[in-house]
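What follows is a short report on a single structure.
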Amino acid sequence: MDLLPSDDQTQIVDTIKSFLAGEAPVDRLREHGAIGNPDAALWPKLGELGFLGLGLAEELGGIGLSASEEMLVFREFGYHLVSIGIFGIVLGARVAAVAGDDALRDELLTGARRVGIANPRGAAAGPGPDAQDYHLFEAADASLVLLVDEQGAGLLAREDFVDIESVHSTDSVLTLERARLAADKPRLWVARSADNIHSRALMLLGAYAVGLGEGARDMAVDYAKIREQFGKPIGAFQAIKHICADMAMRSEAALCQASFASLVMADGLPDTDFHAVASKIVATEVAMKNAAANIQVHGAFGFTSEANAHHYLKRAHVADLLWGSLREQRERILTFPTPA
Amino acid sequence: MDLLPSDDQTQIVDTIKSFLAGEAPVDRLREHGAIGNPDAALWPKLGELGFLGLGLAEELGGIGLSASEEMLVFREFGYHLVSIGIFGIVLGARVAAVAGDDALRDELLTGARRVGIANPRGAAAGPGPDAQDYHLFEAADASLVLLVDEQGAGLLAREDFVDIESVHSTDSVLTLERARLAADKPRLWVARSADNIHSRALMLLGAYAVGLGEGARDMAVDYAKIREQFGKPIGAFQAIKHICADMAMRSEAALCQASFASLVMADGLPDTDFHAVASKIVATEVAMKNAAANIQVHGAFGFTSEANAHHYLKRAHVADLLWGSLREQRERILTFPTPA
Amino acid sequence: MNLDFTAEDKIFREEARDWLQANVFKERRPHGGEAMRAYDLAWQKCQYDAGWAGVSWPKEYGGMGLDLTRQLIWYEEYARAHAPDNHLCFVGLNHGGPTLIARGDEAQKRTHLRPILAGEKIWCQGFSEPNAGSDLGALRTRAVIDGDELVITGSKIWTSHGHLSDMQELLVRTDPDAPKHKGISWVIFDMKTPGLELRPIEIMTAPNHTHFVQCFYDEARVPLANVVGGLNNGWSVAMSTLGFERGTAQIKDQIRYAFLVEQMIERARARYGSEYITHDELGSRLAQLRADMAAARAMTYMVVSRAQHDIGGSLASLMRAMVGDVQQRVRRLAFDIIGADALENPEDDDWVYFYLRSYAQTIAAGTSQIQRNIIGERVLGLPR
Amino acid sequence: MNLDFTAEDKIFREEARDWLQANVFKERRPHGGEAMRAYDLAWQKCQYDAGWAGVSWPKEYGGMGLDLTRQLIWYEEYARAHAPDNHLCFVGLNHGGPTLIARGDEAQKRTHLRPILAGEKIWCQGFSEPNAGSDLGALRTRAVIDGDELVITGSKIWTSHGHLSDMQELLVRTDPDAPKHKGISWVIFDMKTPGLELRPIEIMTAPNHTHFVQCFYDEARVPLANVVGGLNNGWSVAMSTLGFERGTAQIKDQIRYAFLVEQMIERARARYGSEYITHDELGSRLAQLRADMAAARAMTYMVVSRAQHDIGGSLASLMRAMVGDVQQRVRRLAFDIIGADALENPEDDDWVYFYLRSYAQTIAAGTSQIQRNIIGERVLGLPR
């Protein structure tokens with residue numbers, strides 16, 4: 001039993017870290033302008049480095065590593081605020097692979113195509129959007145759209161949606177559209193029994209949220225060390241120090257749970273669903289809390305586009321609302337039997 | 001419009017303050033021993049000073065002051081951790097007065113008799129205690145028991161309960177029994193339409209909880225000023241200072257709402273029920289939070305019977321659970337129309 | 001203790017209500033730029049022309065000179081009528097103007113007060129500096145006396161609507177050798193002064209609209225006569241201004257937030273069903289906020305009550321800390337009630353925008369940390 | 001990263017499980033006094049006699065010398081078997097013993113270690129003083145060297161079960177002129193030493209049972225040979241002891257709390273109905289705790305993982321802070337689920353007692369404030 005990355009895993013982490021530090025510094029979002037992001041340019045490079053098929057079995061055209069390596073890499077994607085379009089491609093390639101469309105699979109693994117993400121807008125009860133209403137993320141320039149739910153995962157064509165309408169995204173560096181699902185069924189579909197892509201999506205989103213929370217934590221701690229007030233660094237004041245300590249504590253909890261969840265999934269243990277949901281619950285709450293705390297540590301500066309702090313807050317809310325919010329995940333986690 | 005006590009009201013407050021400082025210092029609970037309290041000895045003295053019929057109309061045998069004076073006095077009762085038997089007597093006298101039993105009313109107003117309090121144990125749903133199951137507070141030596149609910153308020157004889165069984169009280173300075181209500185109806189009953197004793201009970205319990213929260217706040221602040229650690233008073237550390245500041249902020253909110261609620265009640269305005277419930281919600285939460293914070297400020301010392309800190313915590317939970325907890329009051333406050 | 005209003009007060013309330021009902025602007029406020037400025041000034045002028053401007057200001061400077069109870073009544077009616085916020089006029093009406101009234105000389109009052117009330121001049125603030133944060137004493141923008149002028153060089157940041165303003169209340173260091181909190185002066189600064197340059201700062205809620213600007217002063221010249229409260233007295237003058245930041249005017253916000261909570265209850269019931277929401281986690285938070293909003297209002301009444309008796313002062317910090325906390329929770333809950341549609345941030349006034357803005361709100365009224373230091377030290381007497 | 005256990009580890013797990021199943025005490029533990037002491041010692045002796053005592057202790061002193069993974073397995077099985085807590089034996093097993101192992105001389109180890117494991121001696125702590133609180137450096141209990149003895153005068157407070165103990169790990173000031181954290185010595189103190197008097201301190205959960213005592217030392221004499229780690233080195237010796245306070249042993253607590261949360265879910269469903277609880281505020285808190293308990297367990301696994309690689313140290317403070325917070329929330333929620341019956345505090349182990357005890361728990365492991373200072377300064381490198 002060992003929750004720390006092995007030497008091989010550390011090497012993978014170092015590779016993706018240095019790739020993203022060079023190709024995707026967080027400042028890119030400010031330089032790129034207010035709307036959208038340049039991350040689609042990363043996909044072919046990530047494909048070349050093998051990161052898009054990392055957790056896919058070799059016989060399915062992937063690198064053949066486990067859910068744990070995927071977890072470690074998605075944590076870095078979150079840390080660097082990589083577009084959530086990355087979920088569309090990595091999980092989309094898995095759908096294609098398991099569904100047996102090898103040509104599409106191989107194309108997706110090269111990073112040559114973009115895959116948007118469909119997220120349901122319908123409420124559990126009451127009026128408002130219904131079950132056919134979706135938000136599409138990062139789908140404006142994508143021909144394919146990924147749809148994941150508890151029954152399985154599928155790929156649709158953009159044309160399978162109608163009444164597509166561009167809306168302002170709360171996280172303005174992600175493109176967002178409203179759309180209505182018009183197709184009876186996805187072009188490709190992988191049932192939960194064939195491959196539990198839903199739990200993998202939640203687990204990876206949890207890992208991504210771990211990275212978000214760590215990014216916000218590090219930004220706050222760095223600032224608390226250099227910013228001076230009343231003659232000393234603000235990190236020397238207990239009020240600020242304890243905010244930072246809480247951020248670190250929360251991030252540790254989220255990372256440990258994400259690591260554990262990935263191992264349970266890699267081993268195909270019965271509690272895979274439970275730990276994936278637990279990981280998403282813990283990590284998205286941490287991401288939201290750390291993002292808010294980071295803004296607080298930065299004072300007025302934290303609220304501006306000049307600081308990157310607001311990106312973490314907005315992305316954390318996206319991570320929360322994607323594939324079922326805290327509210328829904330909490331209802332869900334009570335439905336599982338007692339974990340081992 | 002003026003939320004501050006008038007000169008007359010201040011005089012009443014000063015009188016009860018100095019009475020309780022002399023007759024009921026918080027230390028009495030420690031000296032008295034672990035179980036029970038000596039507060040029944042206060043009732044005749046309070047009766048003589050007119051505090052038991054303060055808010056009862058003159059034509060009903062009382063002093064003829066308003067709900068505001070009652071509020072101010074019950075705040076002091078809470079501050080000094082006076083036994084909640086005081087509610088039994090003051091509200092019991094009101095029941096007797098409105099129901100027309102003048103002899104009993106006058107006897108109760110002298111403080112010569114004790115009145116216990118019945119609190120329902122039944123859950124809203126599920127197995128467990130049912131609607132006839134009650135806790136009786138401070139009723140061991142009382143021949144009468146007060147029962148208050150949304151329909152009205154009544155007095156029962158102790159004999160109206162069966163299967164009486166003494167149990168350990170979480171707040172060990174209050175006597176507690178389990179009992180089953182065997183009577184069809186109380187001996188005396190005042191329907192809500194005749195006099196809204198239920199809302200008065202909640203309002204006064206809110207005022208009492210204000211006092212509890214203030215007692216805990218003052219105890220913590222006093223300690224933070226004198227207790228030294230690492231060479232300075234612990235109140236100089238931001239972590240402790242901010243805990244105290246939050247206590248003060250919460251107490252101010254609870255006091256203001258209690259004052260407002262008492263005035264709305266005194267004026268017979270339509271939002272009387274709303275503000276009474278709001279007052280109980282705000283004040284009992286403040287009492288519980290301040291009590292816990294006080295223990296935290298005191299460190300290990302706060303947990304001992306030598307410090308009085310634990311009394312505030314336990315009494316705050318009693319105030320919460322009496323006549324419907326936060327949980328029930330929150331459900332209830334959503335049922336009122338928008339207040340003016 | 002009483003909730004009574006006099007017969008005269010009641011008549012006043014009716015008059016205010018009638019006038020507001022007839023005159024409140026029905027058009028939506030434009031979202032930015034000159035159109036927004038014109039809207040705010042027009043609404044201020046409308047009130048001034050009808051004699052309803054400056055409720056707390058002395059009559060001799062065009063105000064109404066109302067006592068606190070009447071001010072409370074006015075703001076309650078103002079909020080109930082859904083009258084527009086004073087937005088761009090805020091600094092002039094709530095900071096600059098009150099400071100001049102308290103500390104300005106007669107000439108300064110005569111020149112500057114009436115244009116604020118009449119909707120002719122927009123004021124902005126020039127307090128914060130890039131490396132000073134909440135610590136005003138650390139400010140470094142220099143002002144050197146040259147004859148009967150001050151020559152100002154330096155920079156200010158977080159100036160709301162600086163690009164749409166006419167005048168600025170500006171803090172500058174006039175004596176570099178004095179200790180930190182001495183040697184500062186409070187100056188009336190004309191935004192058309194040569195040597196001033198503005199740079200917009202983008203904020204997270206509205207990437208397309210400028211809200212904050214950074215101001216750069218390069219030997220900008222201001223008459224010495226524009227110093228308010230005496231040279232090197234700026235710290236004490238600024239402290240009196242900060243005290244005004246939240247006066248009775250904030251009763252408006254209270255009532256608006258209370259309205260919002262009621263709207264949220266409706267919206268939650270519509271979305272999730274009435275029975276459901278009663279027992280729900282969202283319902284529990286809504287219920288707690290309903291109670292807390294009542295308490296926040298009562299706290300504001302208490303601030304007014306204390307002021308009537310000339311007591312209070314630092315006690316108002318209790319209300320500020322509580323209100324800041326409650327309002328942030330309201331905004332977060334509004335966001336949560338929307339559900340997945342919180343992914344959208346429409347241009348028009350909306351709960352998502354509102355939630356994101358709440359992060360700036362907490363900061364604007366002095367960070368909660370500093371507020372809690374004030375409570376700890378000034379209210380509770382804990383050691384520094 | 002892996003969750004794998006070796007074939008040998010799996011066999012070890014089965015053996016532990018079988019032995020525990022057959023031998024765990026079924027009788028309830030008495031609530032206080034000598035009967036309680038006898039119970040705790042008997043259970044320790046039972047483990048020792050069967051070769052299951054001191055999982056982390058070296059074999060040469062009677063321990064099992066297991067690696068961390070095996071310790072984890074043992075404690076997991078221990079908790080699953082609902083084996084009794086070590087209660088009175090805690091200080092000897094988790095503080096005193098480990099300190100002797102790390103810093104004691106051979107004679108001290110030979111004399112004192114085996115009786116702890118074998119269930120013969122109860123140890124207690126003598127660190128805190130009436131006016132020192134968490135600041136161990138401020139301790140004032142004096143020890144003067146007189147020949148080959150130390151003569152101790154002063155007082156210690158918050159000594160759990162001091163009246164039921166045989167030995168005490170005692171911190172005394174041996175050099176009054178040295179700076180605060182120097183001049184302290186760590187001493188093995190026999191509770192039968194003349195000159196020691198005990199006074200019980202009542203606590204809020206159990207007014208009828210003594211848990212804490214205050215110790216008064218009036219020229220109590222201890223052999224100099226009982227000083228551990230050298231004279232005036234007590235601070236560094238104590239620091240190594242504090243590090244042991246929460247080792248792998250706390251995995252037991254983790255698992256117990258996780259069990260408790262599962263029980264709470266059952267009880268809440270029974271009381272309020274399954275459908276209801278799903279959408280309820282209590283349900284929301286239960287769900288969050290279910291997730292947080294999983295994370296807390298994963299954090300403990302991480303501490304074990306780091307120790308295997310000889311890294312970690314202050315990083316374990318992250319887990320401690322988190323676990324303290326989660327456990328307090330579990331206990332509060334347990335209290336809330338009971339509803340009005342929380343007004344009762346039965347004598348036997350109960351959720352109400354459990355809730356009230358949580359206030360002592362937070363304090364016992366160093367206040368959360370200090371824990372957060374450690375995280376801020378040692379983990380994050382923030383300035384003091």
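Chain letters run A, B, ... following the sequence lines, proteins first and then strands; every chain starts at 1.
Counting heavy atoms from C-beta outward, A/Ile281 and D/Gln288 have side chains that approach closer than 4.5 Å. A 4.5 Å side-chain heavy-atom check between D/Asn373 and A/His242 finds at least one atom pair inside the cut-off. In this structure, the side chains of A/Pro339 and D/Arg290 come closer than 4.5 Å at one or more pairs of heavy atoms. At a threshold of 4.5 Å between non-hydrogen side-chain atoms, the residues D/Met1 and A/Met71 count as touching. In this structure the side chain of D/Gln308 never reaches within 4.5 angstrom of the side chain of A/Leu3, judged on heavy atoms. In this structure, D/Ile311 and A/Leu4 have side chains that are in contact, with non-hydrogen atoms separated by less than 4.5 Å. You'll find the side chain of A/Phe260 reaches within 4.5 Å of the side chain of D/Leu3, heavy atoms only. Here the side chains of D/His309 and A/Asp2 are in contact, with some heavy-atom distance below 4.5 Å.
Within the 4.5 angstrom heavy-atom criterion, only side-chain atoms of A/Glu285, from C-beta onward, approach chain D. With a 4.5 angstrom heavy-atom cutoff, D/Arg306 touches chain A via backbone and side-chain atoms both. A/Phe274 touches chain D through its side chain: at least one heavy atom from C-beta onward sits under 4.5 Å away, while N, CA, C and O do not. For A/Leu72, the part sitting under 4.5 Å from any heavy atom of chain D is the side chain, from C-beta outward, and nothing else.
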Apply the test side chain to side chain contact (heavy atoms under 4.5 Å, CB included) to residues D/Arg297 and A/Gln257: give CA-CA distance (whole Å), side-chain angles for both, the deciding distance (0.1 Å), then the verdict. CA-CA 8 Å; D/Arg297 181 188 181 198; A/Gln257 177 56 23; over 6 Å; no
Side chain to side chain contact (heavy atoms under 4.5 Å, CB included) for A/Glu252 and D/Val379? Distances and angles first, verdict last. CA-CA 11 Å; A/Glu252 171 80 354; D/Val379 176; over 6 Å; no
Would you check, one step at a time, whether the test side chain to side chain contact (heavy atoms under 4.5 Å, CB included) holds for A/Lys241 with D/Leu380? CA-CA 9 Å; A/Lys241 185 177 290 173; D/Leu380 299 176; over 6 Å; no
Could you walk me through whether A/Lys225 and D/Leu382 pass the side chain to side chain contact (heavy atoms under 4.5 Å, CB included) check? CA-CA 6 Å; A/Lys225 285 177 184 169; D/Leu382 290 169; 3.8 Å; yes
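Heavy-atom pairs under 4.5 Å with chain D peak, among A/Asp267, A/Asp246, A/Val277, at A/Asp246. In terms of heavy-atom pairs under 4.5 Å with chain A, the best-connected choice from D/Gly376, D/Ala294, D/Gly283, D/Ala296 is D/Ala294. When each of A/Ala278, A/Ala261, A/Ser279, A/Ala236 is scored by its heavy-atom pairs under 4.5 Å with chain D, the top score falls to A/Ala236.
Residues of residues 323-333 of chain A lying under 4.5 angstrom from chain D, judged on non-hydrogen atoms, are A/Leu326, A/Arg330, A/Glu331, A/Ile333 in numerical order.
For the residue pair D/Ala291 and A/Val282, the shortest heavy atom distance occurs at O-CG2, 3.7 Å. Closest non-hydrogen pair, D/Ala295 versus A/Cys256, comes out as O-CB, 4.4 Å.
Within a 6.0 Å radius of CD in D/Gln21, other residues, nucleotides and ligands contribute 12 heavy atoms or fewer.
Residue D/Leu318 holds its CG atom at 9.0 Å from OG of A/Ser251, rounded to the nearest 0.5 Å.
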